[in-house]
Structures are given as structure tokens and as C-alpha cells.
Amino acid sequence: MRIIHMCLAAFYIDGYAYQENVLPRKHKEEGHDVYIIASCETYLDNNRLGYVKPSNYINEDGIQVTRLPYSRYLPLKIAKKLRIYEGLWTCLERIKPDFIFLHDIQFLSLNKVVKYKQYNPNVTIVADGHTDYINSARSFLSKNILHKMIYKPSITHAEKYIDKFYGTLPPRNVFMKEMYGIPSEKLEYLPLGVDDDKTKELNHKRDRKKICDLYGIDTKNFIVITGGKFDQAKASVLSLIDAVLMTEECVLIIFGSFDDDVEKMAHAKMGSKIIYVGWMDEKDSMQLLSGVDLAVYPYLHSTLWEQTAGIGTPLLVKAIDGFSHININGNCAFLNSCEALEISRKIEECRKDITNMRKRADKVKSEFAYSNIARKVLEDCI
């Protein structure tokens, strides 16, 4: 089967472990003929969003990637904002897909996908949603102009031609229903996850010993980890540092990157109990997540939640309305606040039950395995 993964509503970053990277890989591993059509938006220097030139190339998974240029008939700034591209229809006619997976739907060139379906009614189209009220539609202009007046008519027109819509978090189904009027019967939750081929290489006991040896950690310590890009939105990492400092026989490993302001405050608090390892590639970060006792994320949702759950490591995360999906059978605990005392108290609670939490966490790994998620998408609609 010919499958197109279309990443035109946002960035596409080569070599990462995001959903739009791993799902095409899994579909290719299943024997399908897979293509990626993407925007020119990506990470530059591994730390900031920017734009590259339009191109065609084969990525690290052997998949052809086509990065489309923006429309030349509009000012570039407007074409980028509205996501209007040139050459999409030509790509569709060349590839002749049987199945199209839209990674989000906020791009006005969606009308070309609709047109292709009109001419080829047997093609299956599904769309996922990565947008919610936390990460988008937060200002009057964004909510009422961009989403309701610009994107909604495009999406409403396309809805009848799209077979299924998947919110990648439960609140994202709410967003698609309320903002765009997507019918409930077409909406389903599709979890984010982790590449389970890579988790097979992990072993908690072995990875824990390696971490202790590498960083000089006494094995009797309770090892906590957190990670990500720490800016002002994730400044509660400072409370986590304070919590670990006040918790006996507890060590915190931090991986990722800091912006300047948060980095100054964080480094002022660091000592022998706080180990900062910097930015790590996927393999090394997964081994870290495998070898610790507990992952703590006292801030808004990130894909690290699902990656950690897919590795089988217990979690302690910020309680956010609508985001309890990560807790399937007690593999996760929740923070009522992000104050240091509350975090320390919850870490102690998890420590007392960590053997049972790990057993429960190990049982839910398959729920976040991208092989299963990729297979489900095709089985649902074909």
C-alpha cells in the first residue's frame, strides 16, 4: 500500500523521535511504500525553529521526503502563517497514495487533499490533532480569527472527506469538536508513544547500574529524572531541584537544555545531589529513563510523558485537567501543586510503592508502543 504522511501544518524535523518520524518508519517496516510530504519548517542548530530550502531527499529510514515551497503568489510571511504550498497536487498525482495520514489539519492547502479524494474516492484519509487550548488559540486573534475564521471553513469543508480524526491527547479531541465542529463519531484518542524496537534493548537493572557507575551515585539512593527544554514555562524544574535537595537519599538527573534565565537559577542550586548531563540523543536519553527509579515532570505535558510510559518507568507528573490518560493502572502518580514540599512528599510516597509502580508500569508499555499504534491506524480504516 502507498502511504503518505503529510506534515504541512507545522514543522518536520529529521532524525527526531516525534510521532511524525516514527509512524512512517513503522509503516515502512510493515512493508508499505511510504512517503513524507513536509513543510520547510524544522529545527536549525538543534535548538531553534527555522526554515530550510524546498528539497527532495531520502531520510535516515529510507523514506522519500519532499519539502514543499510556500506559495509564490502571496507574501512569504502570509503563506507561511496560512500554510499554503506549491506542488502538493503534483506530488499527490505522482505518488497516487492509497492512504493519507495528515499530521494535523491547520493548513489551507488541505483543499488539494480534498480535491484528490474527490477524484480518487477509494483513497483513505485520516487526520490527527496536536492542538489544544493549552498550546493554541490562547489569544483573541488566534482563537477567533486564525482558527475560527480561517482554518475552520477549510476543515469543515474537508471533514466529510476525512475518514477519521485522532486526537493525540484526549483534550485535543475536545478542541477539534468545539473549535471545528468535528462529529464525535469520527473522533478517537490515538496515543503518542515510543519506538518499541529501541525499548527492547533496555534493561532497568543493568541500566541503573551503568548510571550509578557513570555518575558516581550510591546504589542505595532513589534516582529521579527529569528532562526537556527548560524555559520559563518549565521553571518549576527549580522546585523539583529544591524538593530533591530536601529529600534524603535522593538524587536528580536532569537532561535537556536551559534558557539563560532558568539556567542561572538552576545552576545556583546544583550540587552533588543534582546531576545535569546536558542534551542527549534518543538512545542515551532512553537508557537514562530506563535506569532511574522515577521520572518527574512538574510542568505542562510533553511527549516525554508517553516516551517514559512506553519504556516502563513510573511517572510523577503535574495534575492537569483532561491529561490523566498517562495513568492506566497506577503506573503514574500526580502532583496537586508544583511546590517543593509537595513534590518531595510525593516522591517519598512513590518511593514506598516503587516496586509495585514499576510492575504496573511494565504492564502498560504496549499501550505506548508505536508498532501497535501504527498498526491500529491502518486496521481502523482499511
Side-chain angles (χ1 to χ4, degrees), residues 199 202-230 234-258 262-299 302 304-305 307-318 326 331-335 337-362:
T199 63
L202 304 175
N203 178 279
H204 170 63
K205 290 183 178 179
R206 182 197 64 212
D207 294 337
R208 192 181 196 279
K209 183 180 185 306
K210 183 176 180 179
I211 289 171
C212 289
D213 291 344
L214 183 61
Y215 298 112
I217 300 172
D218 192 317
T219 56
K220 70 181 180 182
N221 279 299
F222 191 68
I223 307 175
V224 172
I225 196 169
T226 197
K229 294 184 177 181
F230 300 103
K234 292 183 178 179
S236 51
V237 67
L238 302 172
S239 296
L240 174 57
I241 292 172
D242 288 338
V244 170
L245 291 174
M246 68 176 65
T247 305
E248 293 185 6
E249 295 184 345
C250 185
V251 172
L252 171 64
I253 297 174
I254 303 173
F255 71 94
S257 61
F258 287 90
V262 178
E263 184 174 22
K264 289 177 183 176
M265 291 183 285
H267 279 281
K269 296 173 179 286
M270 289 185 185
S272 60
K273 296 185 70 175
I274 313 298
I275 301 167
Y276 176 54
V277 299
W279 190 259
M280 309 197 89
D281 63 22
E282 181 186 10
K283 181 179 179 181
D284 290 338
S285 64
M286 287 176 71
Q287 192 169 69
L288 273 181
L289 289 167
S290 167
V292 300
D293 299 305
L294 181 71
V296 184
Y297 303 118
Y299 26 76
S302 82
L304 280 172
W305 289 24
Q307 290 173 14
T308 303
I311 288 169
T313 297
L315 294 103
L316 175 60
V317 303
K318 181 179 181 180
I326 199 71
N331 59 307
C332 179
F334 293 95
L335 291 163
S337 80
C338 293
E339 299 296 325
L341 282 172
E342 166 71 355
I343 298 173
S344 177
R345 184 179 69 82
K346 283 289 188 177
I347 288 174
E348 289 286 12
E349 285 184 9
C350 292
R351 173 159 33 187
K352 292 175 182 176
D353 191 41
I354 199 63
T355 300
N356 290 325
M357 282 189 76
R358 179 158 289 278
K359 288 178 181 178
R360 293 191 291 265
D362 193 61

Counting N and O atoms only, with roles assigned by atom type, does the side chain of [X] sit under 3.5 Å from a partner on the main chain of [Y], one being a donor and the other an acceptor?
X	Y	answer
K210	G291	no
T199	I311	no
S257	W279	no

Spacing of [atom1] belonging to [X] relative to [atom2] belonging to [Y], to within rounding of 0.5 Å:
X	Y	atom1	atom2	answer
K273	L252	NZ	CG	10.0 Å
I253	I211	CD1	CD1	5.0 Å
F258	M265	CZ	CE	10.0 Å
I326	L315	CD1	CG	5.5 Å
C338	Y297	SG	OH	14.5 Å

- Reference residue V251; test side-chain contact (heavy atoms from CB on, under 4.5 Å); the match among I275, V244, I274, I225: I275
- Item | V296, L335, L294, L341 screened by side-chain contact (heavy atoms from CB on, under 4.5 Å) with K346, the one that passes | L335
Does a side-chain heavy-atom distance below 4.5 Å link [X] with [Y]?
X	Y	result
V317	F334	yes
V224	T247	no
Y276	I241	no
F255	L304	yes
F222	I354	yes
M286	D207	no
N203	K205	yes

Looking only at heavy atoms, which two atoms of [X] and [Y] are closest? And how far apart?
X	Y	result
R358	S290	NH2-O, 4.2 Å
M280	V277	SD-CG2, 3.7 Å
G227	Y299	O-OH, 3.2 Å
I347	C250	CG2-SG, 4.3 Å
P298	T226	CD-OG1, 4.3 Å
A340	M246	CB-CE, 3.9 Å

- Message: Once salt bridge (charged side-chain N to carboxylate O under 4.0 Å, His left out) is applied, what residue pairs with a partner in residues 274-289 remain, sequence neighbours excluded?
- Response: K198-E282
- Query: Can you list every salt bridge (charged side-chain N to carboxylate O under 4.0 Å, His left out) pair that touches residues 240-258, not counting sequence neighbours?
  - Reply: K220-E249, D242-K269
Name all residues meeting the salt bridge (charged side-chain N to carboxylate O under 4.0 Å, His left out) criterion together with [X]; count only those two or more places apart in sequence or in a different chain, and write none if there are none.
X	result
D293	R208
E339	none
D213	K209
R351	E348

- Test N221 against D218 for side chain to side chain donor-acceptor pair (under 3.5 Å), laying out the working first. CA-CA 6 Å; N221 279 299; D218 192 317; 5.0 Å; no
- Trace of the side chain to side chain donor-acceptor pair (under 3.5 Å) decision for T313 with T308: CA-CA 6 Å; T313 297; T308 303; over 6 Å; no
